[in-house]
Protein chains: 2
Amino acid sequence: MSSEPSLTEEIASQLRDQVTGGALTPGQRLSEARLAADLDISRNTLREVFRLLTREGLLRHEPNRGVFVAVPSMASILDIYRVRRLIEVPALAQAWPRHEGAGRMRAAVVRAKNLRDIGDWRGIGSANMEFHAAIVSLSDSPRLNAFFAQIIAELRLAFGLLDSPEMLHAPYIDRNAQILERLEAGDAATASVMLDEYLGQSERVVLQAFARLG
Amino acid sequence: MSSEPSLTEEIASQLRDQVTGGALTPGQRLSEARLAADLDISRNTLREVFRLLTREGLLRHEPNRGVFVAVPSMASILDIYRVRRLIEVPALAQAWPRHEGAGRMRAAVVRAKNLRDIGDWRGIGSANMEFHAAIVSLSDSPRLNAFFAQIIAELRLAFGLLDSPEMLHAPYIDRNAQILERLEAGDAATASVMLDEYLGQSERVVLQAFARLG
DNA sequence: CTGATATGATTGTTCGACAATCATATACCA
DNA sequence: TGGTATATGATTGTCGAACAATCATATCAG
C-alpha cells in the first residue's frame with residue numbers, strides 16, 4: 001500500500017534540498033566515501049544518487065576526480081531565464097482560468113503573503129517558485145513540468161549564491177497576485193504579457209546581483 | 001588525452017541505440033542479471049545505465065519489479081509534439097541565417113536525399129531527427145538542446161512501434177529542404193510558419209499510424 | 001627554484017552476499 | 001470443482017569489500 005520511495009530517491013531528495021537550500025556551497029567537492037558514511041548509505045547507492053542529481057544539473061561530475069556542487073554561471077542564468085520565458089509565457093497565455101493549476105497559483109500567492117508577515121524570506125522564495133511551477137502545470141504537459149522542475153532547481157542553486165533574498169523575492173509577491181487576478185478574470189492574454197515583463201525584470205535583478213559577486 | 005567516455009556512458013549509448021533502433025521491444029522486461037551477463041558488465045554498472053535511460057524516458061522502472069522498455073502511448077506522442085512545436089518554432093523564427101546550426105540543417109538535408117536514393121529509410125529517419133535537432137541548436141540554449149535530445153529519443157522509440165517508415169519520413173525530405181531554403185534566404189518568419197505546418201501534419205500522420213495498431 | 005619521481009588518496013568497476021519483495025505453483029478447504 | 005491461502009523460487013534493493021586506474025601532493029634531484 002505504501003508506495004515507498006526507494007532509498008535512492010529519498011536520499012536524492014534530501015541532497016537536493018541541501019544543495020538548493022544552500023547547505024552545500026557551489027564548487028564544493030563531495031567525497032564519495034565521506035558522504036556515504038555521513039548519510040549512512042553505501043557508496044553504490046550514493047553513486048546512483050549522484051547520477052540523478054548530475055542529470056538535473058545540480059552536481060557536476062569530473063571523471064576520475066569526483067562530483068562537485070555545480071557553480072552557476074552568468075551564462076547559465078541567461079539560459080535559464082530564456083527557457084523560463086519560452087515555457088511559462090505560452091503556458092499562461094493559453095490557460096483555462098479554472099484549471100487546477102490556477103488553484104495552485106492562488107495557494108502559492110496566499111502562502112507568500114503570510115510568510116512575508118513573519119519575514120520568512122526563504123519560504124517566500126519557495127512559494128514564488130511554486131507559483132511559477134503552477135503556471136507551467138497549466139500546460140498539462142508532463143514533459144514540460146518535469147523539465148521545468150529541473151530548471152527551478154538550478155535557479156534555486158543560483159539564488160543560493162546571492163544574498164539579500166528580500167531584493168530577489170519581495171517585490172514579486174504583489175506582482176504574482178496581479179497576474180493571478182488577471183488570469184482568474186479570464187484575461188490570460190494580459191496576464192501572460194505581465195508575466196513576460198516580470199521575467200524580464202527578475203532576470204535583470206538577478207544578473208545585477210550576480211555581477212556584484214565577481 | 002583521450003577523453004574516454006566512462007564505461008557507463010558507453011553502455012548507455014549502446015543500449016539507447018538498441019532501444020530507439022527497435023532491437024528491444026517496448027514493454028519488454030530487462031533482467032538485471034541476464035543483461036549484465038550479456039553485456040559483460042557488473043550489475044552495479046548496469047544499474048547506473050538503467051538510471052540514465054530511465055531519466056531519459058526510454059526505460060520505465062517499477063519498484064521491486066524491474067525495468068522495462070518504455071511503451072509509448074498516444075498521450076505521450078501528443079505531449080511530444082506539443083513540446084516540439086513550443087521549442088522548434090520559436091528557435092527557427094528568431095534564427096540568424098548564418099548560424100552554425102544552419103550548416104547542420106543543410107548537412108542533414110543532403111544526407112537524407114542521398115539516403116533516399118538507396119532506400120535507407122532508417123537512415124532517413126535519423127537524418128530527419130538531426131535536421132530538427134539542428135533547428136533547436138539555433139537557439140544556442142544548452143538546456144533546450146539537452147531536453148530536445150531526450151524528446152527525440154522518445155519519439156524514435158514511438159516510431160519503432162510503427163511500420164512503413166516511408167510514410168513517416170519520405171514526404172518530409174523536400175519539406176525540410178524548403179524550410180532551410182527560406183531560412184537561408186533570410187526569411188525566418190516564413191520558415192517557422194512552414195515548420196509549424198510541418199509539425200501539425202507529421203503529428204496527424206503519426207497519430208493515425210499509431211491508432212491503426214490498437 | 002624548477003622539473004621529475006614516489007607516495008597517498010579517490011574514483012571506477014567488479015564481485016559476492018543477504019534481506020525484502022514479487023510471481024508462480026502448490027495445497028487446502030468449502 | 002473452484003477459489004483462497006500458503007509455500008516456493010526468482011529478482012530486485014542495498015550493502016560491504018576488494019583492486020586497478022587515475023589524480024593530487026609531497027619529496028627529491030639538479
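Lettering of chains follows the sequences in order, A, B, ..., and the numbering in each one begins at 1. All values derive from a computational prediction rather than experimental measurement.
- Shown for residues 40-54 of chain B: residues whose heavy atoms fall under 4.0 angstrom of DNA chain D, namely Arg43(B), Asn44(B), Arg47(B).
- Taking every side-chain heavy atom of Glu32(B) into account, dG13(D) is the closest of dT10(C), dG13(D), dC23(D).
- Rounded to whole angstrom, the span from the CG atom of Leu30(A) across to the P atom of dA9(C) amounts to 20 Å.
- A salt bridge (charged side-chain N to carboxylate O under 4.0 Å, His left out) check over residues 123-136 of chain B, counting only residues at least two apart or in different chains, returns the pairs Arg104(B)-Glu130(B).
- With contacts defined as side-chain heavy-atom distances shorter than 4.5 Å, the pair Tyr172(B)/Val205(B) qualifies.
- One atom, CG of Asn64(A), and another, P of dA9(C), lie 18 Å apart when rounded to the nearest Å.
- When the side-chain nitrogen and oxygen atoms of Thr8(A) are compared with OP1 and OP2 of dG13(D), none of them lie within a distance under 4.0 Å.
- Residue Arg34(B) is out of contact with every strand shown, counting any heavy-atom pair closer than 4.0 Å.
- With respect to the salt-bridge test (charged N to carboxylate O, under 4.0 angstrom), the residues Arg82(A) and Glu203(A) do not qualify.
- The nearest whole Å value for the distance from the CD atom in Glu10(B) to the P atom in dG12(C) is 15 Å.
- For Asp40(B), the CG atom counts as loosely surrounded, since its 6.0 Å shell holds 12 or fewer non-hydrogen atoms of other residues, nucleotides or ligands.
- The CG atom of Leu39(A) sits 15 Å away from the C1' atom of dC15(D) (whole-angstrom rounding).
- Atom CD1 of Ile11(A) and atom C1' of dG13(D) are 13 Å apart (whole Å).
- The CZ atom of Arg65(B) sits 11 Å away from the P atom of dG13(D) (whole-angstrom rounding).
- When ring centroids are compared, Phe148(A) and His132(A) stay outside the 6.0 Å threshold.
- For Thr45(A), the side chain to side chain donor-acceptor pair (under 3.5 Å) partners at least two apart in sequence or on another chain are Ser42(A).
- Side-chain N/O atoms of His61(B) include none lying less than 4.0 angstrom from OP1 or OP2 on dT11(D).
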